Amino acid sequence: MSAAERRKQIVAMITEKGYLNAGELSAHFGVDSSTIRRDLSRLEKEGQVMRTHGGLLPVASSSHADTPYSVRRQMNSTAKSAIARYAASLVQDGQSLILDNGSSVFELALALKEKKNLTVLTNDLYTAFTLSHYPGITLHVTGGLMLENVYTLVGQDTIDKIDSMHVDWAFLGAEGVHPERGLTNINTVEIPVKQAMIRAARRTVVLADSSKIGYRALSHVCDLSAIDQVITDSRLSAKQRALWGDKLTLAPL
């Protein structure tokens, strides 16, 4: 295999998986680590990947970039508040939980203010800053590389921290939740982080307003079988509701 073909395959692999470390690439292609480092250095100079500690992340194209955080918080805000109130009612004092990034999950963080003796892990810097003011919460923040505009931490350091935890709840955001395709997301670098959150939790709940129900975003995160519950708002049509059975919960507006 030529070096050009190997680099082409590296870009395809990272676009699909969201994160790869140099050791995996060296083993996959049967070349030494110095060869992989040269490949990654060239790809980084060409703007095709982002290098991080021990590995690399894909560079999202502008057509699939995340909407800035300040904009997302204003979209469907009434529905997101209702979803957050319902989700907060599930959490009991003394429990542990992971909060994903995203505006719906941020609303849940706001709704946890009166809870007592919670342990919370998050990769969202806005959420972490908010929770840091709540006396009833012991806060853990993942390490990782910060994504621009969305204040989200990703990468192997993020995954390693999540994998070290075992919690009662994981509350995830999503760009789309589909009855056949499951949980989907625009930004591929977030996928392995979300998958780690699912592994770490006894129960996983997706928070998604009704505009995201039935929508399929760019990349697959997991099947619905990996999710215990999807909480959305009551604007969902009866036809849409029928596709979900007891997996779906409607939060009253």
Side-chain angles (χ1 to χ4, degrees), residues 18-19 80-81 83-147 150-175 177 182-185 187 189-208 212 220-232 246-249 251:
Y19 176 86
K80 290 174 182 177
S81 295
I83 292 166
R85 288 193 300 271
Y86 186 92
S89 73
L90 302 177
V91 178
Q92 303 299 310
D93 290 346
Q95 289 190 317
S96 56
L97 51 153
I98 292 173
L99 297 185
D100 190 13
N101 74 310
S103 51
S104 293
V105 182
F106 178 77
E107 290 296 324
L108 170 57
L110 295 176
L112 295 174
K113 186 174 184 178
E114 303 304 322
K115 297 292 184 179
K116 303 287 193 299
N117 194 30
L118 293 185
T119 299
V120 180
L121 171 67
T122 186
N123 69 322
D124 185 292
L125 296 181
Y126 268 136
T127 294
F129 180 76
T130 298
L131 295 176
S132 70
H133 295 90
Y134 298 172
I137 290 179
T138 299
L139 177 63
H140 296 256
V141 182
T142 69
L145 176 71
M146 190 187 80
L147 296 180
V150 294
Y151 299 93
T152 299
L153 300 173
V154 298
Q156 192 60 47
D157 289 341
T158 312
I159 294 166
D160 289 345
K161 176 63 176 179
I162 295 168
D163 280 339
S164 73
M165 305 284 281
H166 301 282
V167 299
D168 296 303
W169 298 94
F171 291 97
L172 271 58
E175 296 295 338
V177 191
L183 190 65
T184 58
N185 208 63
N187 199 331
V189 305
E190 296 176 4
I191 290 174
V193 175
K194 292 177 185 291
Q195 291 170 342
M197 291 176 175
I198 294 169
R199 291 194 300 270
R202 186 171 59 86
R203 289 184 62 82
T204 299
V205 180
V206 174
L207 309 183
K212 298 178 178 179
H220 181 256
V221 178
C222 67
D223 295 333
L224 273 186
S225 59
I227 303 299
D228 295 288
Q229 187 176 11
V230 178
I231 303 176
T232 190
D246 59 3
K247 184 76 74 170
L248 195 70
T249 299

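Quantities reported herein were computed from a predicted structural model and do not represent experimental measurements. All heavy atoms count here, side chains included; hydrogens, waters and symmetry mates do not.
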**Q** Under 3.5 Å, is there a donor-acceptor pair between the side chain of Lys247 and the main chain of Ser225?
**A** no
**Q** Any side-chain to backbone donor/acceptor pair from Lys212 onto Thr232? Under 3.5 Å, distance only.
**A** no
**Q** Among Thr119, Val120, Leu90, which residue meets the side chain to side chain contact (heavy atoms under 4.5 Å, CB included) test with Leu97?
**A** Val120
**Q** To the nearest 0.5 angstrom, please state how far the CD1 atom of Ile191 sits from the NE2 atom of His220.
**A** 9.0 Å
**Q** So do Leu110 and Tyr134 actually touch side chain to side chain, heavy atoms under 4.5 Å?
**A** yes
**Q** Locate the shortest heavy-atom distance separating Ala174 from Val206; write the atom from each residue and the value.
**A** CB-CG1, 4.1 Å
**Q** For Asn187 versus Asn185, what's the shortest heavy-atom pair and its separation?
**A** O-ND2, 3.2 Å
**Q** Restricting to non-hydrogen atoms, name the atom on Cys222 and the atom on Ile227 that form the minimum distance, rounded to 0.1 Å.
**A** SG-CD1, 3.8 Å
**Q** Return the minimal non-hydrogen interatomic distance between Ile159 and Ala196, and the atom names on each side.
**A** CG2-CB, 4.1 Å
**Q** If you define the side chain from C-beta out and look only at heavy atoms, does anything of Thr249 sit under 4.5 Å from Val230?
**A** no
**Q** Kindly determine whether Asp163 and Arg199 satisfy side chain to side chain contact (heavy atoms under 4.5 Å, CB included), including the steps that lead there.
**A** CA-CA 8 Å; Asp163 280 339; Arg199 291 194 300 270; 3.0 Å; yes
**Q** Does Asp228 have any side-chain hydrogen bond (donor to acceptor under 3.5 Å, both in side chains) partners at least two apart in sequence or in another chain, and if so, which?
**A** none
**Q** Nearest 0.5 Å, please: how far is OG in Ser104 from CG in Leu172?
**A** 11.5 Å
**Q** Could you give the distance from CG (Leu108) to OH (Tyr86), rounded to the nearest 0.5 Å?
**A** 13.0 Å
**Q** Let me confirm one number: the CD1-CZ distance from Ile98 to Phe171, rounded to the nearest 0.5 Å.
**A** 11.0 Å
**Q** Does the Asp100 side chain pair with the main chain of Gly173, one donor and one acceptor, at a distance under 3.5 Å?
**A** yes
**Q** To the nearest 0.5 Å, what is the distance between NZ (Lys161) and OG1 (Thr142)?
**A** 9.0 Å
**Q** For Asp168, is there any backbone N or O sitting under 3.5 Å from a side-chain donor or acceptor partner on Ser96?
**A** yes
**Q** What orientation do His133 and Phe129 show, parallel under 30°, tilted 30 to 60°, or perpendicular over 60°?
**A** perpendicular
**Q** Main chain of Val221, side chain of Lys194: is a donor-acceptor contact present, judged purely on distance under 3.5 Å?
**A** no
**Q** Under the ring-ring contact (aromatic ring centres under 6.0 Å, His included) rule, collect the residues that match up with His166, sequence neighbours excluded.
**A** none
**Q** Are any side-chain N or O atoms of Thr122 and backbone N or O atoms of Leu99, one a donor and one an acceptor, separated by less than 3.5 Å?
**A** yes
**Q** Apply the test side chain to side chain contact (heavy atoms under 4.5 Å, CB included) to residues Arg202 and Gln95: give CA-CA distance (whole Å), side-chain angles for both, the deciding distance (0.1 Å), then the verdict.
**A** CA-CA 11 Å; Arg202 186 171 59 86; Gln95 289 190 317; 4.2 Å; yes
**Q** Taking the side chain as C-beta and beyond, is there a heavy-atom pair between Leu207 and Glu107 under 4.5 Å?
**A** no
**Q** Looking at Leu153, is its backbone amide N or carbonyl O close enough to the side chain of Asn123 to form a donor-acceptor pair, meaning the two atoms are under 3.5 Å apart?
**A** yes
**Q** Using modelled atom types and a 3.5 Å cut-off, is there a donor and acceptor pairing between side-chain atoms of Asp124 and backbone atoms of Thr127?
**A** yes
**Q** So which heavy atom on Tyr126 is nearest to which on Phe106, and how close?
**A** O-CE1, 3.7 Å
